[in-house]
Protein chains: 2
Amino acid sequence: MNLPLYIQIKQKITQELILGRWRAGDLIPSEIELANNYQVSQGTVRKAIDVLSSEKILVRKQGKGTYVTTHDEEQIQLRFLRLTSSKGQKEKLENQLLSFNKIKPNAYVAKQLNITTNAYVYQIKRLLTFAKKPLIFDEIFIPVANFKGLTAETIIEKKGSLYRLYESEYGIQMLNAEEKIKAVQATDEVAKYLRIKKLFPLLSIERLSYTYDERPVEWRLGLCLTNDYYYKTELE
Amino acid sequence: MNLPLYIQIKQKITQELILGRWRAGDLIPSEIELANNYQVSQGTVRKAIDVLSSEKILVRKQGKGTYVTTHDEEQIQLRFLRLTSSKGQKEKLENQLLSFNKIKPNAYVAKQLNITTNAYVYQIKRLLTFAKKPLIFDEIFIPVANFKGLTAETIIEKKGSLYRLYESEYGIQMLNAEEKIKAVQATDEVAKYLRIKKLFPLLSIERLSYTYDERPVEWRLGLCLTNDYYYKTELE
DNA sequence: GAGTGGTCTAGACCACGGC
DNA sequence: CCGTGGTCTAGACCACTCA
């Protein structure tokens with residue numbers, strides 16, 4: 001258990017983030033200051049920040065300093081949305097809340113979120129619309145324990161990204177996520193909202209999102225129409 | 001146009017790879033040797049290699065040296081295959097060549113491959129099978145100009161990954177790729193091979209692969225059954 | 001001009017692989 | 001044992017931001 005120094009520094013910085021001492025959007029101390037605090041060279045701090053920066057946890061800005069990544073900036077808004085228009089047009093995304101309930105999760109969702117089936121979760125159903133056309137039917141589950149007092153009104157108010165809400169209202173940062181993608185047929189309920197026929201093929205995108213310490217916080221299932229849009233990804 | 005030194009070194013190394021002086025699997029000169037050759041410090045060479053390594057173009061091996069990435073190793077075989085079994089079992093992938101033809105591409109494929117519709121391409125159709133069940137129907141297009149003299153026999157012989165064939169027979173390295181994913185319905189032809197009903201939902205995975213200099217070399221369309229498997233990806 | 005991150009150097013020592 | 005990449009340091013200078 002003799003980790004390289006820069007990894008240890010990385011962990012110390014991460015710890016500050018977990019404890020909430022440095023929050024989303026904050027400017028963290030300069031490299032020189034951190035080097036003095038931790039009694040290591042600036043180069044070692046640099047390397048620690050390099051890693052955190054490549055993990056998109058921190059963001060460097062030359063001449064200004066290093067910041068904690070936030071979902072609250074335009075350009076990062078769509079970080080987790082990989083749907084792209086086939087026609088290249090950039091339409092505005094609209095968001096309609098369909099339902100908001102407090103329920104007990106089924107066994108699968110509970111397991112994914114690492115909670116018991118007796119722990120309540122909020123269930124959010126919503127419809128995403130691009131260019132006036134319904135495109136995605138989302139079903140989202142988050143543990144009540146992490147988001148006490150959340151209401152439908154709050155969700156409607158912050159009509160943009162839920163991640164921004166998690167961050168600003170609950171200090172919970174979504175750092176990364178895993179997606180499992182399949183092709184499925186539309187059910188009656190979904191077909192109605194997406195204005196398509198039952199059994200029409202849809203992209204099923206199951207996403208589990210994590211905050212610090214790889215702790216799962218949100219599970220969602222998105223059902224997407226892929227006539228005019230496609231899911232884009234890169235391999236290397 | 002005054003790029004950092006380590007980027008210039010990176011470009012010089014890349015140039016050696018493009019010229020084929022260092023080929024897939026080769027051991028490249030040590031950091032110290034490169035530093036002397038290029039008249040820079042070892043630290044600068046390190047940083048150049050760091051970048052190439054994060055791009056999966058080079059692979060470092062402590063105590064041994066730095067190698068050019070190859071598709072010819074077991075662990076890298078499935079680098080570009082993101083399909084995962086829902087049941088967690090690892091079955092062996094089998095490969096059946098369905099057809100091999102020399103044709104003129106349609107406008108779309110020609111555009112993707114950056115060639116004219118008069119330049120011939122090889123069209124390869126094949127069926128991938130896991131655990132005796134047909135899983136993916138692939139249709140692949142590669143410019144004849146890049147793969148002169150390719151035959152069905154060669155493909156069957158190298159029954160594994162085509163990328164390994166491109167590399168060993170033609171010295172063409174696939175470095176990265178873009179995928180566009182949609183949900184579609186099975187056509188008659190595909191339904192027959194995958195042993196499903198027509199109109200059954202399939203994952204349509206369109207992939208454009210690139211070699212050095214972001215030069216596109218292969219376009220393929222994979223149609224996948226996602227009953228027992230799913231496409232897995234990570235977001236950060 | 002002061003302070004930040006970005007680049008570059010030179011040199012030390014460590015950890016691993018293979019002879 | 002030697003040569004490789006991996007870590008760490010100290011110090012120099014550059015490029016950018018902002019007061």
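Naming: A, B, ... by sequence-line order, numbering from 1 per chain. Note that the structure is predicted; figures quoted are calculated from it, not measured. Values below: all heavy atoms of this structure, side chains included; hydrogens, waters and symmetry mates excluded.
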Among Lys180(A), Arg207(A), Arg82(A), side-chain contact (heavy atoms from CB on, under 4.5 Å) partner for Thr233(B): Arg82(A)
List in chain and number order the residues that pass side-chain contact (heavy atoms from CB on, under 4.5 Å) with Lys64(B), two or more places apart in sequence or in another chain; answer none if no residue qualifies. Lys61(B), Tyr67(B)
Distance flag, aromatic centroids of Tyr163(B) and Phe80(B), threshold under 6.0 Å: yes
Counting primed atoms, P, OP1 and OP2 as sugar-phosphate and everything else as base, the B/S/- map of nucleotides 1-10 of chain C against protein heavy atoms under 4.0 Å is --BBBBBSB-
Is there any salt bridge (charged side-chain N to carboxylate O under 4.0 Å, His left out) pair reaching into residues 35-47 of chain A, and which pairs are they, with sequence neighbours excluded? Glu31(A)-Arg46(A)
Validation row, ring centre Tyr122(B) to ring centre Phe100(B) under 6.0 Å: yes
